[in-house]
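Presented below is the structure to which this report refers.
For clarity, every value in this text was computed on a predicted model and none was experimentally measured. Order of the sequence lines fixes the chain letters, A, B, ..., with proteins taken first and strands second; residue numbering starts at 1 for each chain.
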Amino acid sequence: MTINRKDFLRTVGVLTGAASISTLNASIQHNVDLDRLGVLSDLTLCIGCRKCEFACNKSHGLPYESIDKYDDPSIMENFRRPTSTQHTVVNRYPEKGNNGLPLDVKVQCMHCEHPACASACIVGALQKDPKGPVTYDAAKCIGCRYCMVACPFQVPQYQYDNALTPILMKCDLCYDQNIKNGQLPSCVAMCPREVMVFGQRKDVLALAHERIRTHPDRYIDHVYGENEVGGTSWMYISSEPFENIDLPTLSYECPSHLTENIQHGIFKGFSGPILLFGLLGLAMKLYRKDEE
Amino acid sequence: MRQTNGINRNDLKFFTPGVIIITIFACLGIFSIIYRLIFGLGAATNLDGQYPWGIWIGIDVASGVALAAGGFTSSFIAHIMHRERYDVITRPALLTALLGYTFVAIGVMIDLGRYYWIWHPIMPSMWQGNSALFEVGMCVMLYVTVLYIEFMPIVIERFLGKVNFPGILSILNHTTEIILRIFNRFLSKSISLFIIAGVVLSCMHQSSLGTLMAIVPSKLHPLWHTPILSLLFLMSAFSVGIAMVIFESILASRSLKIPFETPVLSQYARYIPLLLWIYLFAKVLDMVSRDSYVYLQHVTLESSSFFLEMVLGVISPILILSSRRLRKKVPWLFTGAALTIFGVLLNRINVFVIGYSPPYATERYVPSIMEILVTVGLISCIILLYRFFVFHFPVHHAFKGKHYEG
């Protein structure tokens, strides 16, 4: 009976290996709170003073210049994107605003409701906090940069110049240093024009629609981020269609929906692989009989 | 014991002019890897915030996994379908897969920002079941282990009863012999479980490599982005697995000066057109159902690359290898297999590099010299190691290496 015992042990070994991997499939859910936070950015109010850039770098310990230097608008002649030393930048679109004025657009992480980066992350270093922000844990990150591939807004940036301990850089909504202490994100607090409104997502969304309804001449009827990629925590209202100010036109379906369905469809309870294993084992036996 | 139908290794030198050139490329690659480790990704590559993945992921990893598919397709045909006549090509295929996957792992490590944390995904506290990359990583890790176990019988055959360490180490001879014997007994009973596990793990991660890029509908060109990307990846892995075995067998025969396995190879090649037809059918059906063929009416880099991939890499091998007459001729067999490999290689490059267009890129990603040197260097290392193993282990049945001496 020794062979039977060995067979049994082998089977147990394979099954426990499979089962232990399968348990993690069920563990991750998008459980965001109903009172999760959000930001509404009203682009018609922004004057492009770039004080938000200053506040952001200062509060994240990133290099910054003296505050007066940010008044110089010449840097905005070039189109900029967040970098590994700047979580947020303001771009100027001349004559795109109301009455022929420039339209200034602050860009940063959108804090998606179902973030593709977090779904993609191989080690769960990126997480959607139930309160809203998409946070990053550098102690887990192995630097595969799949999040940067996955992000539909091309926001996360990597410290390519750091040879030994590079980390990912992106806006965290000042979650650890401000929000947890009941304070506003640094950029929101700094803004002299109150371009950004911080609060519960459902409230700032209602405010966005309220503003559009009461000033139809001032805004186009579209809250960017209400539905894009399944919704984002950061939302914009603007006088100009968003595709003209470099905010990409995106599907209302969250991109991780497809991949997660594939992953969980095939690997639910590890049934797919186990079934395949069984079928192949059967085939091996049957073919052997054939040969004999 | 020397066999008359075999060629002795002593008749053949390890270093030929070709091998020396490959060694130089391998050294340049290793130098570039050291440069990358010291000065970082920014200094060695053209990667940036827009293009986080380049040819290291597109070729070394994604294509590497596809081209190493010969391991599981051949073990499926030889061991699960019991087509014993293909045994002569199963061992070379296994060795290619073993080396291929080992270098996929090395390729990943070089590309990782924090390569020293490559083990993180194994830790249960960091498991992330939503991530296709996690699944790929776990499966590749397990599959490499399975490949090493599947290779054990070859090591045992080489050394069992012949363990002879030099000098002082000879006191270990007896112990090693016993260990080999234990392994031998364990493996002779359980090898089929590992063979099946290898096929299952391969199917899982070959398809999940496609799922990787399914998450970027807004960035991957519609000619390639489809919900069935993972299925297409799996199907093309089947066909390229067989093509690689043929390609590599012909090259090895030439290089080692042993007879071509033409009858076996031409029978093996029958599977390719069949599998490519299924792939082509699924691809066309998908393009028609999603209207993505409209992107073919303009000449762009993407449409040209797609055209090349389908015509040269899918349709022409179907035409060549469907002909029984051409299949029996080594040059045509080789061309057909090489075109199939070209098609899948270009497909992976298209999906991961050429078809990927980030929203704010000002200029297209072009790999740096260092990136190319690393990629070429890693492939050179695989070829050298392959040659080393063939010279020292019973891999090619007609090539009698060192183990037959005495």
Side-chain angles (χ1 to χ4, degrees), chain A residues 3 6 10 14 20-21 24-25 27-28 81-84 116 119-124 140-146 148-150 152-154 157-167 246 248 250-251 255-256 258-260 262-264 266-267 273 276-277 280-281 283-284 287-288 290-291, chain B residues 37-43 45 47-50 52-53 76 79-82 84 108 111-115 117-118 120-121 124 126-135 137-138 189-190 192-193 196-197 199-200 203-204 207-208 211-219 227 230 356 358-360:
Chain A
I3 292 166
K6 270 184 197 157
R10 262 187 237 134
V14 171
S20 57
I21 297 175
L24 61 100
N25 284 331
S27 64
I28 296 160
R81 292 290 304 166
T83 66
S84 57
S119 172
C121 182
I122 185 169
V123 288
K140 288 181 177 174
C141 178
I142 62 174
C144 70
R145 311 186 300 286
Y146 186 27
M148 300 169 66
V149 172
F153 301 98
Q154 205 69 33
Q157 298 295 314
Y158 202 64
Q159 292 180 332
Y160 285 104
D161 295 328
N162 185 335
L164 209 56
T165 55
I167 59 167
D246 291 312
L250 293 166
S251 154
S256 53
L258 169 67
T259 50
E260 287 184 19
I262 295 174
Q263 286 299 97
H264 297 303
I266 299 172
F267 299 108
L276 183 59
F277 195 96
L280 290 172
M284 208 169 183
Y287 273 115
R288 185 171 291 158
D290 263 15
E291 295 277 306
Chain B
L37 292 177
I38 296 173
F39 297 103
L41 287 168
T45 71
L47 300 175
D48 57 25
Q50 297 295 316
W53 283 356
F76 175 79
H79 300 309
I80 292 181
M81 288 170 72
H82 293 288
E84 263 78 19
V108 168
D111 188 77
L112 287 182
R114 294 196 178 205
Y115 43 87
W117 277 351
I118 193 170
H120 271 188
M126 292 186 240
W127 280 356
Q128 218 285 61
N130 289 335
S131 169
L133 189 62
F134 169 73
E135 203 248 304
M138 288 297 259
K189 284 188 180 135
S190 60
S192 32
L193 279 175
I196 302 175
V199 176
V200 173
C203 289
M204 284 163 73
S207 57
S208 291
T211 316
L212 277 191
M213 295 307 273
I215 206 168
V216 283
S218 60
K219 294 193 207 174
S230 39
Y356 176 80
Y360 304 108

(request) Look at B:Pro121, B:Gly42, B:Ala214, B:Ser131 and state which one has the largest set of heavy-atom pairs under 4.5 Å with chain A. (result) B:Ser131
(request) Tell me, for B:Leu37 versus chain A, whether the close heavy atoms (under 4.5 Å) come from the side chain, the backbone, both or neither. (result) backbone
(message) For B:Ile196 versus A:Gly281, what's the shortest heavy-atom pair and its separation?
(response) CD1-CA, 3.4 Å
(request) Look up atom CD1 in A:Ile122 and atom CH2 in B:Trp127, then write down how far apart they are to the nearest 0.5 Å. (result) 13.0 Å
(request) Could you pull out the closest heavy-atom pair between B:Thr211 and A:Thr259, with the gap in Å? (result) O-CG2, 3.5 Å
(request) Specify which of B:Pro124, B:Ser192, B:Cys203, B:Ala43 makes the most heavy-atom pairs with chain A at under 4.5 Å. (result) B:Ser192
(request) To the nearest 0.5 angstrom, please state how far the CZ atom of A:Phe153 sits from the OG atom of B:Ser218. (result) 8.5 Å
(request) Return the option, out of A:Thr83, A:Asp161, A:Leu164, A:Asn162, with the maximum number of heavy-atom pairs under 4.5 Å with chain B. (result) A:Leu164
(message) Can you tell me which portion of B:Pro358 sits under 4.5 Å from chain A's heavy atoms? Options are side chain, backbone, both or neither.
(response) both
(request) Nearest 0.5 Å please: distance from the CD atom of A:Gln154 over to the OH atom of B:Tyr360. (result) 8.5 Å
(message) Please check: side-chain N/O of B:Gln128 versus main-chain N/O of A:Cys121, any donor-acceptor pairing under 3.5 Å?
(response) yes
(message) Donor-acceptor check, side chain of A:Tyr160 to backbone of B:Thr45, threshold 3.5 angstrom: yes or no?
(response) no
(request) Mind running side-chain contact (heavy atoms from CB on, under 4.5 Å) on A:Ser119 and B:Ile215 for me, showing each step along the way? (result) CA-CA 9 Å; A:Ser119 172; B:Ile215 206 168; 4.2 Å; yes
(message) Quick check on A:Leu276 against chain B: is it the side chain, the backbone, both or neither that has a heavy atom closer than 4.5 Å?
(response) both
(message) Can a donor-acceptor pair be found, under 3.5 Å and without considering hydrogens, that links the side chain of A:Tyr146 to the backbone of B:Ala132?
(response) no
(request) Give, as side chain, backbone, both or neither, the part of B:Val200 having an atom under 4.5 angstrom from any heavy atom of chain A. (result) both
(request) Output yes when a side-chain donor or acceptor of A:His264 lies under 3.5 Å from a complementary backbone atom of B:Asn130, and no otherwise. (result) no
(request) Check B:His120 against A:Val123 and note the closest heavy-atom contact, atom names and distance. (result) CB-CG1, 3.7 Å
(message) Report which part of A:Ser84 has an atom under 4.5 Å of a heavy atom belonging to chain B: side chain, backbone, both, or neither.
(response) neither
(request) State, to 0.1 Å, how close A:Pro152 and B:Lys219 come at their nearest heavy-atom pair, and which atoms those are. (result) CA-CE, 4.2 Å
(request) Counting only heavy atoms closer than 4.5 Å, note whether B:Ser207 contacts chain A via side chain, backbone, both or neither. (result) neither
(request) Quick one: which of B:Pro217, B:Gly49, B:Pro227 has the most heavy-atom pairs under 4.5 Å with chain A, could you say? (result) B:Gly49
(request) Please flag which part of A:Leu250 lies under 4.5 Å from any non-hydrogen atom of chain B: side chain, backbone, both or neither. (result) side chain
(request) Could you tell me which of B:Asp111, B:Ile38, B:Val108 has the largest number of non-hydrogen atom pairs under 4.5 Å with chain A? (result) B:Asp111
(message) At a heavy-atom distance under 4.5 Å, which candidate from A:Gly143, A:Ser251, A:Pro248 has the highest pair count against chain B?
(response) A:Gly143
(request) Pick one of side chain, backbone, both or neither for B:Ser230, based on which atoms fall under 4.5 Å of a heavy atom in chain A. (result) side chain
(request) Please state whether the side chain, the backbone, both or neither of A:Leu258 comes within less than 4.5 Å of a heavy atom of chain B. (result) side chain
(message) Heavy-atom pairs under 4.5 Å with chain B - which of A:Met148, A:Lys140, A:Arg145 has more of them than the others?
(response) A:Arg145
(message) So which residue, B:Leu41, B:Leu212, B:Ile80, ends up with the most heavy-atom pairs under 4.5 Å with chain A?
(response) B:Ile80
(request) Pick whichever of B:Tyr356, B:Phe39, B:Tyr115, B:Trp53 has the most heavy-atom pairs under 4.5 Å with chain A. (result) B:Trp53
(message) If we check side chain to side chain contact (heavy atoms under 4.5 Å, CB included) with A:Arg288, which of these qualifies: B:Met81, B:His79, B:His82?
(response) B:His82
